[in-house]
*Asks:* 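Below is a structure I'd like to ask you about.
Please read all numbers here as calculations on a predicted model, not as lab measurements. Within every chain, numbering begins at 1; the chains are lettered A, B, ... in the order of the sequence lines, protein sequences first and strands thereafter.
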There are 2 protein chains.
Amino acid sequence: MVEKRRRKRGETRGQLMEAALTLVGKGRHFASLGIREVTREAGVVPTSFYRHFRNMDDLGLQLVDELGLVMRKLMRESRQQAPFADKLIQDSVNLFVDHVLNNRNFFTFMAQGLAGESRAVRDGISGEMRFMAHEMMLDFRRMKMAEHLSDSDLYRVCELVIRTVAFSLNDILGTSADDEHQLNTIREREIQHVKMIMLGAMAWKSEDR
Amino acid sequence: MVEKRRRKRGETRGQLMEAALTLVGKGRHFASLGIREVTREAGVVPTSFYRHFRNMDDLGLQLVDELGLVMRKLMRESRQQAPFADKLIQDSVNLFVDHVLNNRNFFTFMAQGLAGESRAVRDGISGEMRFMAHEMMLDFRRMKMAEHLSDSDLYRVCELVIRTVAFSLNDILGTSADDEHQLNTIREREIQHVKMIMLGAMAWKSEDR
DNA sequence: TGTACATCAGTGAACGCGCGTTCACTGATGTAC
DNA sequence: TGTACATCAGTGAACGCGCGTTCACTGATGTAC
């Protein structure tokens with residue numbers, strides 16, 4: 001009890017955000033969550049909510065910020081992979097799928113938010129994806145790959161890859177975590193998708209280069 | 001008044017579905033709609049709802065069915081295009097964008113439903129997309145295009161195209177209908193995306209063929 | 001280091017309101033002869 | 001074609017409940033001297 005009291009200072013905010021993610025992970029849609037519901041899940045009194053957020057939209061926005069951190073972690077890990085081009089695609093896709101499974105609630109929130117109610121949340125997630133595409137582009141440049149492409153064309157390629165893989169979020173999240181068979185099907189499909197895009201990128205001719 | 005009375009028979013069901021779509025089109029998320037809200041928008045008494053649907057999920061499911069019709073209409077129109085390969089991609093993408101703008105509410109519902117609360121709605125929409133990919137594959141075969149690809153590889157290509165274009169739903173719907181500049185940016189981007197995928201498809205080597 | 005005070009974060013009671021759902025009703029439409 | 005009856009679809013009143021939000025409170029934490 002004393003312990004609980006002591007830990008409280010400034011911690012409720014995080015508990016509320018986590019509670020919202022938990023509910024989302026349980027199948028609820030963020031847009032249908034209520035303040036009382038979230039505070040109940042977090043184990044605090046409803047009024048506490050207002051100490052940290054103006055309303056549910058506000059909480060959603062702050063979740064998007066945290067989403068950025070999860071994404072950056074994902075990218076950092078992916079850069080530590082051995083850069084052998086032939087396995088690069090497989091490894092990256094597998095890493096992504098694993099990351100999604102390890103952060104189920106977060107990515108469910110992201111998938112929901114893309115077509116969600118709040119303009120600000122939508123824009124936040126879109127921005128996050130643009131950032132990832134941009135980072136991916138820089139990685140290509142660093143590795144001296146796809147040098148026949150102009151900046152804008154290379155960006156388009158990266159954008160396409162990110163979007164393609166992001167779309168599979170819906171499939172990954174619709175699969176129970178222990179259905180290895182179906183997960184492998186998804187992995188292989190996404191690997192093939194990305195390979196095809198890269199083949200297209202190799203064959204693409206930029207106009208001004 | 002008499003007119004109104006006379007039209008009622010069996011029409012309320014449609015009005016309720018349209019009311020839900022209208023609210024979705026106004027920026028609300030389907031998951032957060034209530035029965036009273038929908039009946040209010042439709043101009044009927046709350047109890048009427050139960051004459052046609054068990055609950056909001058049920059209404060969502062029936063909307064998915066109608067979504068199928070919209071999709072089929074889209075495909076029928078696209079087949080009437082002159083089949084000149086060089087303009088085929090542009091025409092198809094433009095047709096899709098126009099169709100989305102002309103059925104804003106429907107496609108907003110579809111975009112929301114992909115990551116929505118109801119498993120059944122999600123599966124329904126996924127099924128619809130798989131159907132479209134399959135149809136697209138048959139069209140390729142009919143036109144004797146991409147004959148170097150096995151059935152399963154060609155399906156993957158079509159699936160990738162459909163998903164890519166479907167992803168852009170979020171961008172199209174986030175644009176006000178008269179912002180021609182941004183819409184054109186989206187059109188051009190999607191055309192380039194699809195062209196790249198087709199380039200990749202051309203370069204792809206199927207194992208068993 | 002100790003004391004006095006301000007700020008912060010969680011509490012519990014209370015409010016009015018809109019929600020989903022039930023029920024018995026009514027009048028229009030469809031069906032059988 | 002006309003009549004009698006069943007079914008269907010929309011109505012209006014009523015219910016209990018959970019919601020968002022406000023308020024004054026309390027005790028813990030941080031700050032100044």
*Asks:* Would you mind telling me which of C/dT11, C/dT21, D/dG20 lies closest to the side-chain atoms of B/P46?
*Replies:* C/dT21
*Asks:* Between atom CE in A/M56 and atom P in D/dG20, what is the gap in whole Å?
*Replies:* 9 Å
*Asks:* Heavy atoms from C-beta onward define the side chain here; which of D/dT21, C/dT11, C/dC19 lies closest to that of A/V44?
*Replies:* C/dT11
*Asks:* Salt-bridged, B/D171 to B/R187, with N to O below 4.0 Å?
*Replies:* no
*Asks:* Distance-only check: which donor-acceptor pairs under 3.5 Å involve side-chain atoms of residues 19-32 of chain B, not counting sequence neighbours?
*Replies:*
| residue | atom | partner | partner atom | Å |
| --- | --- | --- | --- | --- |
| B/T22 | OG1 | B/E18 | O | 2.8 |
| B/R28 | NE | A/E117 | OE2 | 3.1 |
| B/R28 | NH1 | B/E37 | OE2 | 2.1 |
| B/R28 | NH2 | B/S32 | O | 3.2 |
| B/R28 | NH2 | B/S32 | OG | 2.8 |
| B/H29 | ND1 | B/A31 | N | 3.0 |
| B/H29 | NE2 | A/H29 | NE2 | 3.0 |
| B/S32 | OG | A/E117 | OE2 | 3.2 |
| B/S32 | OG | B/H29 | O | 2.9 |

*Asks:* Rounding to an integer number of Å, can you tell me how far A/L16 CG sits from C/dA9 P?
*Replies:* 13 Å
*Asks:* Name the residue closer to the 5' end of DNA chain C, choosing between A/R36 and A/V45 according to the nucleotide with the nearest heavy atom.
*Replies:* A/V45
*Asks:* If you compare every side-chain N and O of A/S48 against the phosphate oxygens of C/dT11 (OP1, OP2), does one of them come in below 4.0 Å?
*Replies:* yes
*Asks:* Grab the CD-P distance between B/E37 and C/dC19 for me, whole Å please.
*Replies:* 7 Å
*Asks:* Rounded to the Å, how far apart are A/E11 CD and C/dC8 C1'?
*Replies:* 16 Å
*Asks:* Identify every side-chain donor-acceptor pair in residues 41-53 of chain B under 3.5 Å, counting partners at least two apart or on other chains, and give the distances.
*Replies:*
none

*Asks:* Once pairs are restricted to Watson-Crick or G-U wobble with both distances under 3.5 Å, how does DNA chain C read as a dot-bracket string, [ ] for crossings and | for other-strand pairs?
*Replies:* .||||||||||||||||||||||||||||||||
*Asks:* Between atom CD in A/E41 and atom P in D/dC19, what is the gap in whole Å?
*Replies:* 13 Å
*Asks:* Looking at D/dG10, C/dG12, D/dG20, which one has an atom nearest to any side-chain atom of B/T12?
*Replies:* D/dG10
*Asks:* Between B/R72 and B/F131, is NZ or CZ placed under 6.0 angstrom from the six-membered ring centre and within 45° of the ring axis?
*Replies:* yes
*Asks:* Within the 4.0 Å heavy-atom criterion, would you say A/R40 contacts the bases, only the backbone, or no part of the nucleic acid?
*Replies:* sugar-phosphate
*Asks:* Can A/D153 and B/Q192 be counted as having a side-chain donor-acceptor contact under 3.5 angstrom?
*Replies:* yes
*Asks:* Looking for any heavy atom pair under 4.0 Å, which part of the strands does B/F49 touch: base, sugar-phosphate only, or nothing?
*Replies:* nothing
*Asks:* Could you tell me the separation between the CG atom of A/L149 and the CH2 atom of A/W204, rounded to the nearest 0.5 Å?
*Replies:* 9.0 Å
*Asks:* Using whole Å, what does the distance between atom P of nucleotide D/dG20 and atom CG of A/L59 come to?
*Replies:* 13 Å
*Asks:* Under 4.0 Å between a side-chain N or O of B/Y50 and OP1 or OP2 of C/dT21?
*Replies:* yes
*Asks:* Is any N or O donor-acceptor pair between the side chain of B/R54 and the base of C/dT21 shorter than 3.5 Å?
*Replies:* no
*Asks:* Closest to the B/R51 side chain: D/dA13, D/dC23, D/dG10?
*Replies:* D/dG10
*Asks:* Any side-chain N or O of A/H52 less than 4.0 Å from the OP1 or OP2 oxygen of C/dC8?
*Replies:* no
*Asks:* What nucleotide among C/dT21, D/dT22, D/dC19 has an atom nearest to a side-chain atom of A/T47?
*Replies:* D/dT22
*Asks:* Quick one: pull up CE in B/M196 and CD1 in B/I191 and give me the separation to the nearest 0.5 Å.
*Replies:* 13.0 Å
*Asks:* State plainly whether the residues B/E190 and B/K195 are in salt-bridge range, i.e. N to O under 4.0 Å.
*Replies:* no
